[in-house]
Amino acid sequence: LAKTTQPISMDSYEGQEVNITCSHNNIATNDYITWYQQFPSQGPRFIIQGYKTKVTNEVASLFIPADRKSSTLSLPRVSLSDTAVYYCLVGDVLNNAGNMLTFGGGTRLMVKP
Amino acid sequence: DGGITQSPKYLFRKEGQNVTLSCEQNLNHDAMYWYRQDPGQGLRLIYYSQIVNDFQKGDIAEGYSVSREKKESFPLTVTSAQKNPTAFYLCASSTFAGGNSYNEQFFGPGTRLTVL
């Protein structure tokens, strides 16, 4: 499984755009990049997933450069309720063992008023 | 309401006792997972099961046991052999991984186990 590196913590203010970058230098050809969000004392929930270029859904955007060695989760106009831990996961999700993704330490986002 | 439930939410046990954590899902998912989370840390995979009557060890299986007799249930037993069992335990489920689709994991609310 590709190792990922993300900032331990980030601070932001309400209404700002937040970009969290994840490094995955040894990403493999079949690996996808997946982001989960976790609130305190709750289980994580899926946010977004991508393979290359840009993916956007109602919650976030995911930017992946051509070399795929990093990715950036973008949260537009954050609110206090976006305060959570964000996990970047990289793995071959299309194979039988693809769901065996590793949750690292994540990035603790604090949104301030 | 479809979902995944875990019980109890808080659990206390005395050192040396075995304890079983419940996990039930009505999402008709084939795969189920158990994770452990320590304060300020990420999730670590304990066991997973992709089909009834079959399960595999994850990264930290020592001191834990599971069973998968029914599709909707995947109980986890924390045995007395687990040296440091106090943690937050999360159960998840997903459709069977394979083919050309990503099968996101749906998590339960978790059980916080404290060993006294």
Side-chain angles (χ1 to χ4, degrees), chain A residues 1-9 20 22 24 29-52 55 57 59-60 62 64 71 84-110, chain B residues 3-6 8-10 21 23 25 27 29-51 54-61 87-114:
Chain A
L1 296 173
K3 179 178 167 57
T4 59
T5 302
Q6 11 175 169
I8 293 174
S9 64
I20 305 174
C22 179
H24 28 79
T29 302
N30 293 333
D31 286 348
Y32 278 67
I33 300 148
T34 310
W35 286 80
Y36 278 78
Q37 174 193 54
Q38 185 181 26
F39 296 113
S41 297
Q42 294 185 26
R45 69 174 186 132
F46 174 88
I47 301 177
I48 198 166
Q49 185 208 29
Y51 183 81
K52 62 181 179 181
V55 179
N57 62 23
V59 177
L62 179 60
I64 306 168
S71 58
V85 178
Y86 293 82
Y87 296 97
C88 166
L89 295 83
V90 173
D92 185 358
V93 297
L94 299 186
N95 292 320
N96 286 341
N99 278 328
M100 301 310 115
L101 300 177
T102 299
F103 287 78
T107 296
R108 196 167 299 272
L109 173 66
M110 174 68 73
Chain B
I4 180 165
T5 59
Q6 293 184 241
K9 189 170 177 66
Y10 298 96
L21 281 59
C23 179
Q25 54 97 1
L27 300 168
H29 285 167
D30 292 299
M32 297 186 74
Y33 316 80
W34 273 106
Y35 293 89
R36 169 185 171 135
Q37 187 172 36
D38 293 291
Q41 305 296 312
L43 282 68
R44 291 185 289 168
L45 183 65
I46 304 173
Y47 269 98
Y48 66 97
S49 167
Q50 293 187 316
I51 198 168
D54 185 56
F55 47 83
Q56 306 295 329
K57 292 182 179 180
D59 300 322
I60 55 165
F88 187 48
Y89 290 88
L90 286 158
C91 179
S93 69
S94 73
T95 53
F96 186 71
N100 290 319
S101 63
Y102 172 66
N103 302 300
E104 70 176 88
Q105 295 187 30
F106 293 82
F107 284 82
T111 292
R112 192 167 299 279
L113 173 65
T114 302

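Convention: sequence-line order gives letters A, B, ...; per-chain numbering from 1.
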How long is the span from the CD atom in B:Glu104 to the CD atom in A:Gln49, to the nearest 0.5 Å? 9.0 Å
Those residues at least two apart in sequence (or on a different chain) that pass ring-ring contact (aromatic ring centres under 6.0 Å, His included) with A:Tyr51 are A:Tyr32
Smallest heavy-atom separation, B:Leu90 atom then A:Gly43 atom, equals CD2-CA, 3.5 Å
Report the residues that fulfil salt bridge (charged side-chain N to carboxylate O under 4.0 Å, His left out) with B:Arg44, sequence neighbours left out, ordered by chain and then residue number. B:Asp38
More than 12 heavy atoms of other groups within 6.0 Å of A:Arg108 CZ: no
Check: A:Gln38 and B:Phe107 side chains under 4.5 Å, non-hydrogen atoms: no
Residue part contacting chain A, namely of B:Gln56, when any heavy atom lies under 4.5 Å: neither
Would you say A:Tyr87's side chain and B:Leu43's backbone share a donor-acceptor pair under 3.5 angstrom? no
